[in-house]
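In what follows, a structure is listed as structure tokens, so that the remarks can point back to it.
These numbers come from a predicted model, not from an experiment. Just so it is clear, the values below take in all heavy atoms, side chains as well, and ignore hydrogens, waters and symmetry mates. We number each residue from 1, following the sequence as shown.
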Amino acid sequence: MAWVFILVAGLFEVAMAYSLKLSDGFSAPLPSVGFVVFSVLSFGLLALGLKTLEVGTAYAVWTGIGAVGTAVLGIVALGEDASALKIASILLIIAGVVGLNLAGGGH
């Protein structure tokens with residue numbers, strides 16, 4: 001169940017970053033509130049996952065989901081650049097997270 005918490009927390013981290021972008025420096029009320037709500041949900045679920053998982057691996061997975069998800073969302077929804085280097089870097093993040101899990105960081 002702890003990994004489910006980390007996975008969902010990572011997805012809320014993506015929503016948090018997207019809300020932050022849409023908040024326009026916290027001048028747009030609804031996305032600003034969304035940022036706060038998604039932040040609390042993301043960190044809360046991370047905390048629940050950390051009750052049983054190793055901090056290094058769980059945190060890396062959480063941030064990896066957030067980084068990859070936010071980068072992909074930026075490309076798909078915000079029209080950000082999708083250069084070969086950016087795609088390769090996203091794949092390297094995924095490889096690093098998988099490597100940490102294979103190294104035995106989970107329960």
Side-chain angles (χ1 to χ4, degrees):
M1 188 64 171
W3 282 115
V4 173
F5 290 146
I6 299 300
L7 173 66
V8 176
L11 296 175
F12 279 128
E13 186 185 3
V14 175
M16 176 184 72
Y18 188 59
S19 296
L20 185 60
K21 174 70 174 170
L22 296 179
S23 77
D24 194 29
F26 296 115
S27 64
L30 189 58
S32 298
V33 170
F35 168 79
V36 172
V37 170
F38 293 134
S39 297
V40 169
L41 290 170
S42 183
F43 282 104
L45 289 170
L46 175 63
L48 290 175
L50 288 176
K51 290 173 85 172
T52 57
L53 299 172
E54 292 182 0
V55 67
T57 303
Y59 188 80
V61 170
W62 176 70
T63 58
I65 293 168
V68 168
T70 302
V72 170
L73 185 66
I75 292 167
V76 173
L78 300 174
E80 294 177 359
D81 180 42
S83 68
L85 181 57
K86 186 180 276 189
I87 300 300
S89 298
I90 290 169
L91 293 173
L92 286 171
I93 293 168
I94 294 169
V97 169
V98 169
L100 280 170
N101 278 303
L102 292 175
H107 291 108

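Put simply, Val40 and Leu50 are part of two different groups of oily side chains (I, L, V, M, F, W, Y) that touch within less than 4.5 Å, one to the next. The cluster map of Ile, Leu, Val, Met, Phe, Trp and Tyr, joined by side-chain heavy atoms under 4.5 Å apart, puts Val76 and Val68 in the same cluster. Using a 4.5 Å cut-off between side-chain heavy atoms of Ile, Leu, Val, Met, Phe, Trp and Tyr, with links allowed through other members, Leu92 and Ile75 fall into different hydrophobic clusters. Under the 4.5 Å side-chain contact rule for hydrophobic residues, Val36 and Met16 share a cluster. Met1 and Leu48 fall within a single hydrophobic cluster, where Ile, Leu, Val, Met, Phe, Trp and Tyr side chains are chained together by heavy-atom contacts under 4.5 Å.
Ring orientation note: the planes of Phe35 and Phe26 are nearly perpendicular, at an angle over 60° on the 30°/60° scale.
Clustering of Ile, Leu, Val, Met, Phe, Trp and Tyr side chains at separations under 4.5 Å places Leu22 together with Val14, Tyr18, Leu73, Leu78.
Checked by atom type and distance alone, the side chain of Thr63 pairs as donor or acceptor with a backbone atom of Ala60 at under 3.5 Å. A side-chain donor-acceptor contact under 3.5 Å links Ser42 to the backbone of Ala9.
No more than 12 heavy atoms of other residues, nucleotides or ligands lie within 6.0 Å of NZ in Lys21, so this atom counts as exposed by the packing criterion.
Taken to the nearest 0.5 Å, the CD1 atom of Ile93 stands 12.0 Å off from the CD1 atom of Ile65. Thr52 contributes atom OG1, which lies 8.5 Å from atom CZ of Phe5 (distance to the nearest 0.5 angstrom).
Across all their heavy atoms, Ala28 and Ser32 have their closest contact at O-OG, 2.7 Å. Across every non-hydrogen atom of Leu53 and Ala58, the tightest pair is CB-CB, 4.0 Å.
Note: Phe43 and Trp62 meet the aromatic proximity criterion, with ring centroids under 6.0 Å apart.
Residues Leu46 and Glu13 have side chains not in contact (no heavy-atom distance under 4.5 Å, counting atoms from C-beta outward).
For the side chain to side chain contact (heavy atoms under 4.5 Å, CB included) test with Val97, the passing option among Thr57, Val61, Leu102 is Val61; the others fail.
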